[in-house]
S.K.: 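Please find one structure pasted underneath; my questions will follow.
Just so it is clear: chains get the letters A, B, ... in the order the sequence lines come, proteins before strands, and each one is counted from 1.
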Protein chains: 2
Amino acid sequence: MEPIDFQTLLEFFKVMANESRLKMVGILAQRQCSVEELAALLSLKEPTISHHLAKLKELNLVQMQPEGNQHLYRLDSEALQALNKAVLTANPAASMAQGVTDDAWETKVLKSYFEEGRLTQIPASHRKRWVILKWLARQFEIGTLYPEKQVNEILQRYHFDSATLRREFISYQMMQRENGVYWREPEERWKAV
Amino acid sequence: MEPIDFQTLLEFFKVMANESRLKMVGILAQRQCSVEELAALLSLKEPTISHHLAKLKELNLVQMQPEGNQHLYRLDSEALQALNKAVLTANPAASMAQGVTDDAWETKVLKSYFEEGRLTQIPASHRKRWVILKWLARQFEIGTLYPEKQVNEILQRYHFDSATLRREFISYQMMQRENGVYWREPEERWKAV
DNA sequence: ATTCTACTTCGATATTCATCTAATTAGAAT
DNA sequence: ATTCTAATTAGATGAATATCGAAGTAGAAT
């Protein structure tokens, strides 16, 4: 299956998202038609039909064959099926690959809670607290053992209430503790509550 | 597979045919998000996001779950997949079942070539000639044997050049001939040339 | 009780796009 | 050659809708 890119996907939906064009696709799926014929069937003028056919053609959804004076259009069902299938699989993935990847929101949250390098307060909302704690936890190295005193020192660079933050680290499983010694867990073990 | 009706199909395409909404679907396919979050990710204002979410909700493509102050939205992937599959199969059929069934064009052709019950001329274009001949052939009964003389008589009610029309009947296989006697073939044997 | 926060609803604006008429092109018939 | 027919292109108009700011609502924090 060909990976379908975001723009193509969007164009496909745009082309299909029109009553007249959708009907045309339905008609052409059954038999080929001239422009005049489609105009009669849909009660539209020829230029309008031409306009729609042009859009269908851009995605190779229809093929044209001249016959005498007229242009006979038929649906390329394979193209349609291919697109549909691609949509089915690619939909969630492709649209993301598109560049909305970086988490603008987390950045925004961080900015809004830090001032001159210090945490102004601990967010009340779960999800925001999670963002802040992730950032804080990353200030600790993996593989290092930190005595509680040192954990407090580091945390107090950012906020006076190191005790609360320490407790949160434990409950989110960002850190483990044993005999008053702490160490950071790898991120895949962190648990958003 | 549930047969999908034309209007639903159209609505589905309309909902997906928007850059912001398509991106939202992509994002929500991966994780649930608050409105604020989506706004940050897409660089849009909250009201705009709400607006789009409402449209997605109409098709049951997203589900909402309140968490504290915020509304967490997630994609209903099953609904999306179901719709997509329905599209795949129903597309050609459903859109036709929709009422564009009767062939307005053929009617138009007939009207334009008949005047006071008589054929003004035999169309030059293949496709139009085909329409006219179909109509003429239906003036003959199936199962009846017509001597050539009678075929001519009947045809001349509509046009002076019965000879040409007779020949066309044969070449389109609308009628068969043997020993100067003609009979009409059932329509499924007619051959548009 | 009051304030804050996140979301929604409302009303206004601007853009996109479907459709039409008129003009143009290309091919067929006379 | 000229006329006719079918299709396309161009330009104009109107309808649909994406987006925003402002106002309203409901829940959470203080």
S.K.: Rounded off to whole Å, could you give me the CG-to-C1' distance for the A:L38 and D:dA6 pair?
M.R.: 13 Å
S.K.: Measure CZ/A:F13 against C1'/C:dT16 and give the value in whole Å, please.
M.R.: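 Checked: the CZ to C1' distance equals 19 Å.
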S.K.: Are side-chain heavy atoms of A:V131 and A:L110 found at a separation under 4.5 Å?
M.R.: yes
S.K.: On DNA chain C, check which nucleotide each of A:H52 and B:A124 is closest to and give me the residue with the more 5' one.
M.R.: A:H52
S.K.: Quick check on DNA chain D: between B:S43 and B:Q121, whose nearest nucleotide comes earlier from the 5' end?
M.R.: B:Q121
S.K.: Below 4.0 angstrom from OP1 or OP2 of C:dT19, is there any side-chain N or O of A:T48?
M.R.: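 No, no such contact exists.
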S.K.: Any side-chain N or O of A:S20 below 4.0 angstrom from OP1/OP2 of C:dT19?
M.R.: yes
S.K.: Report the nucleotide, chosen from D:dA7, C:dG27, C:dC7, that has the shortest atom-to-atom distance to any side-chain atom of A:S50.
M.R.: D:dA7
S.K.: Verify the contact: side-chain N or O of A:Y73 to OP1 or OP2 of D:dA6, cut-off strictly under 4.0 Å; return yes or no.
M.R.: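 For D:dA6, neither OP1 nor OP2 has a side-chain N or O of A:Y73 closer than 4.0 Å.
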S.K.: Considering only D:dA7, C:dA6, D:dG21, which nucleotide approaches the side chain of B:P47 most closely?
M.R.: D:dG21
S.K.: For B:L53 and D:dT19, what is the distance between atoms CG and P respectively, to the nearest whole Å?
M.R.: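 Going from CG in B:L53 over to P in D:dT19 covers 12 Å.
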S.K.: With sugar-phosphate meaning primed atoms plus P, OP1 and OP2, does B:R21 contact a base, only sugar-phosphate, or nothing at under 4.0 Å between heavy atoms?
M.R.: sugar-phosphate
S.K.: So B:Q173 and B:K191, do their side chains get closer than 4.5 Å, heavy atoms only?
M.R.: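 SC-SC contact between B:K191 and B:Q173 confirmed.
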S.K.: Under 4.0 angstrom, heavy atoms only, what part of the nucleic acid is B:H51 near: base, sugar-phosphate, or nothing?
M.R.: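 Here B:H51 touches the bases of the nucleic acid.
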S.K.: Ignoring hydrogens and angles, state whether a donor on the side chain of B:Q176 or B:Y182 is under 3.5 Å from an acceptor on the partner side chain.
M.R.: no
S.K.: Tell me, with the steps shown, if A:E168 and A:R129 meet side chain to side chain contact (heavy atoms under 4.5 Å, CB included).
M.R.: CA-CA 9 Å; A:E168 295 282 31; A:R129 197 155 66 233; 2.9 Å; yes
S.K.: How long is the line joining CD of A:E37 and P of D:dT5, in whole Å?
M.R.: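 Distance, rounded to whole Å: 18 Å.
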S.K.: Over all heavy atoms of both residues, which pair between B:R138 and B:R184 is shortest? Give the atoms and the distance, please.
M.R.: CA-NH1, 3.6 Å
S.K.: So, is A:K55 close to the C:dA18 phosphate, meaning a side-chain N or O under 4.0 Å from OP1 or OP2?
M.R.: yes
S.K.: Given atom CD1 of A:I122 and atom C1' of D:dA29, what is their separation to the nearest angstrom?
M.R.: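 Rounded to whole Å, this separation is 15 Å.
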S.K.: Determine the contact category for B:E46: base if any of its heavy atoms lies under 4.0 Å from a base atom, sugar-phosphate if only primed atoms, P, OP1 or OP2 are that close, otherwise nothing.
M.R.: base
S.K.: Starting at atom NE2 of B:H71, determine the distance to atom P of D:dA28, rounded to an integer number of angstrom.
M.R.: 10 Å
S.K.: Please name the residue in the list A:K134, A:R127, A:K128 that meets the side-chain hydrogen bond (donor to acceptor under 3.5 Å, both in side chains) test with A:E106.
M.R.: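 Exactly one option meets the side-chain hydrogen bond (donor to acceptor under 3.5 Å, both in side chains) with A:E106, and it is A:K134.
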S.K.: What integer distance in Å separates A:K57:NZ from D:dT9:P?
M.R.: 7 Å
S.K.: Under 4.0 Å between any heavy atoms, over every strand shown, what does A:I49 touch: base, sugar-phosphate, or nothing? Just pick one.
M.R.: nothing
S.K.: Starting at the 5' end of DNA chain C, which residue's closest nucleotide do you reach first, A:N18 or A:S125?
M.R.: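 Its nucleotide being nearer the 5' end, the pick is A:S125.
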S.K.: Rounding to a whole Å, what distance do you find between A:L44:CG and C:dT19:C1'?
M.R.: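 To the nearest whole Å, that distance equals 8 Å.
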S.K.: Examine C:dA6: is either OP1 or OP2 under 4.0 Å from a nitrogen or oxygen in the side chain of B:S34? Give yes or no.
M.R.: no
